[in-house]
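Residue numbers count from 1 along this sequence.
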Amino acid sequence: TLFGTSVGHNCKTCPKMKLSKIVATVVVAFAAAPMVTANYTPPPRVSEASDVMPIYNLGNAIDGLIKKVENDEMHDKALSNLEVFKTDGMAFTMFASMYRKKVGGGQEGDPMVKHITAACDHVNACHDLLTGQNEDFPDEKAACEECVRRLEEAQRCIAKFLEESGIHDDRFMEYCEKHPMQ
């Protein structure tokens with residue numbers, strides 16, 4: 001039996017079909033499939049704002065982080081945010097890579113993924129600056145200024161990613177205008 005019915009059964013509503021004929025039909029169908037699909041190109045995937053919203057949200061979170069870095073009384077909160085980012089931040093690079101693969105990119109060295117990797121690197125460098133671990137900036141004021149500079153650079157990298165995504169969304173366009181590449 002095949003799927004609970006007798007192969008080659010004799011029924012008034014169904015023609016007789018032998019197992020060998022079923023197998024031959026399936027083999028021909030599978031053999032023809034590559035010829036039919038060889039010239040098939042799927043339509044390009046249209047990206048939506050929701051596809052890259054975590055990257056956009058990261059950029060907006062950096063706005064808040066800059067305010068904390070600039071305010072001496074909020075350095076502890078800034079450090080707390082940076083410690084969380086240091087452990088979880090590379091998830092944004094993985095997300096960017098998965099997004100790019102989804103829309104036909106994401107190969108080794110994809111420039112859009114590099115933008116997010118660079119943004120994450122800039123944010124991660126701020127932890128060492130604010131904790132005094134960066135010998136180039138032993139002065140707290142200079143370290144904070146450098147931290148803000150790096151966070152702003154991270155925002156420009158995110159803006160570049162959003163711009164290159166080709167998604168036309170007013171929020172993204174506004175973000176890109178606010179953080180233009182230099």
Side-chain angles (χ1 to χ4, degrees), residues 43-182:
R45 186 180 182 290
V46 177
S47 297
E48 299 174 7
S50 61
D51 290 340
V52 295
M53 197 54 73
I55 302 294
Y56 171 73
N57 290 338
L58 170 62
N60 286 326
I62 293 173
D63 281 335
L65 185 57
I66 288 173
K67 290 175 185 168
K68 291 174 186 172
V69 169
E70 291 175 330
N71 183 341
D72 293 339
E73 296 174 10
M74 299 189 77
H75 280 191
D76 289 341
K77 289 183 180 183
L79 275 172
S80 176
N81 291 152
L82 289 168
E83 286 171 8
V84 169
F85 188 85
K86 200 164 188 123
T87 58
D88 300 338
M90 291 316 290
F92 290 101
T93 298
M94 290 187 297
F95 176 83
S97 180
M98 288 187 305
Y99 163 74
R100 290 295 296 144
K101 287 178 183 171
K102 186 176 180 182
V103 295
Q107 293 82 9
E108 186 76 27
D110 186 303
M112 286 180 68
V113 175
K114 284 184 176 183
H115 296 319
I116 299 306
T117 301
C120 291
D121 290 346
H122 287 302
V123 174
N124 280 327
C126 292
H127 183 271
D128 292 345
L129 285 164
L130 291 183
T131 56
Q133 296 177 29
N134 187 316
E135 296 173 5
D136 294 335
F137 299 93
D139 174 62
E140 184 178 348
K141 183 177 184 218
C144 287
E145 289 172 357
E146 179 63 14
C147 184
V148 169
R149 188 192 70 72
R150 291 183 188 202
L151 291 172
E152 289 171 345
E153 183 61 30
Q155 289 177 314
R156 285 190 286 277
C157 291
I158 291 168
K160 190 71 173 164
F161 177 90
L162 293 172
E163 183 181 296
E164 290 178 9
S165 74
I167 299 171
H168 300 287
D169 184 284
D170 290 342
R171 296 167 293 186
F172 296 173
M173 295 167 104
E174 182 181 323
Y175 184 89
C176 292
E177 287 173 8
K178 187 177 175 184
H179 307 288
M181 291 299 288
Q182 295 176 336

Kindly compute the distance separating [atom1] ([X]) from [atom2] ([Y]), expressed to the nearest 0.5 Å.
X: Arg156; Y: His115; atom1: CZ; atom2: NE2; answer: 13.5 Å
X: His127; Y: Glu83; atom1: NE2; atom2: CD; answer: 4.0 Å
X: Glu70; Y: Glu145; atom1: CD; atom2: CD; answer: 10.0 Å
X: Leu79; Y: Leu65; atom1: CG; atom2: CG; answer: 9.5 Å
X: Asp110; Y: Lys101; atom1: CG; atom2: NZ; answer: 9.5 Å
X: Thr117; Y: Met94; atom1: OG1; atom2: CE; answer: 10.5 Å

What are the two closest non-hydrogen atoms of [X] and [Y], and how far apart are they?
X: His75; Y: Val69; value: NE2-O, 2.8 Å
X: Lys68; Y: Ala78; value: CB-CB, 3.8 Å
X: Ser97; Y: Val113; value: CA-CG2, 3.6 Å
X: Ser165; Y: Tyr99; value: CB-OH, 3.8 Å
X: Ile167; Y: Glu48; value: CD1-O, 3.3 Å
X: Val123; Y: Leu82; value: O-CD2, 3.5 Å

Just checking Asp170: does its CG atom have more than 12 heavy atoms from other residues, nucleotides or ligands closer to it than 6.0 angstrom?
no

Counting only heavy atoms not in Glu140 (residues, nucleotides, ligands), do more than 12 fall under 6.0 Å from its CD?
no

Under 4.0 Å between a Lys/Arg side-chain N and an Asp/Glu carboxylate O for Arg150 and Glu153?
no

Between Ile116, Ile55, Asp51, which is the residue that forms a side chain to side chain contact (heavy atoms under 4.5 Å, CB included) with Phe95?
Ile55

I'd like to know if the side chain of Asn71 and the backbone of Lys67 have a donor-acceptor N/O pair within less than 3.5 Å.
no

Going by heavy atoms in the side chains, are [X] and [Y] under 4.5 Å from each other?
X: Cys144; Y: Phe137; value: no
X: Val52; Y: Phe172; value: yes
X: Arg171; Y: Glu174; value: no
X: Asp128; Y: Lys86; value: yes
X: Ile62; Y: Ile158; value: yes
X: Asn60; Y: Asp63; value: yes
X: Asp169; Y: Leu162; value: no
X: Leu151; Y: Cys126; value: yes

Phe161 and Phe92: CA distance, side-chain angles, deciding distance, side-chain contact (heavy atoms from CB on, under 4.5 Å) verdict:
CA-CA 12 Å; Phe161 177 90; Phe92 290 101; over 6 Å; no

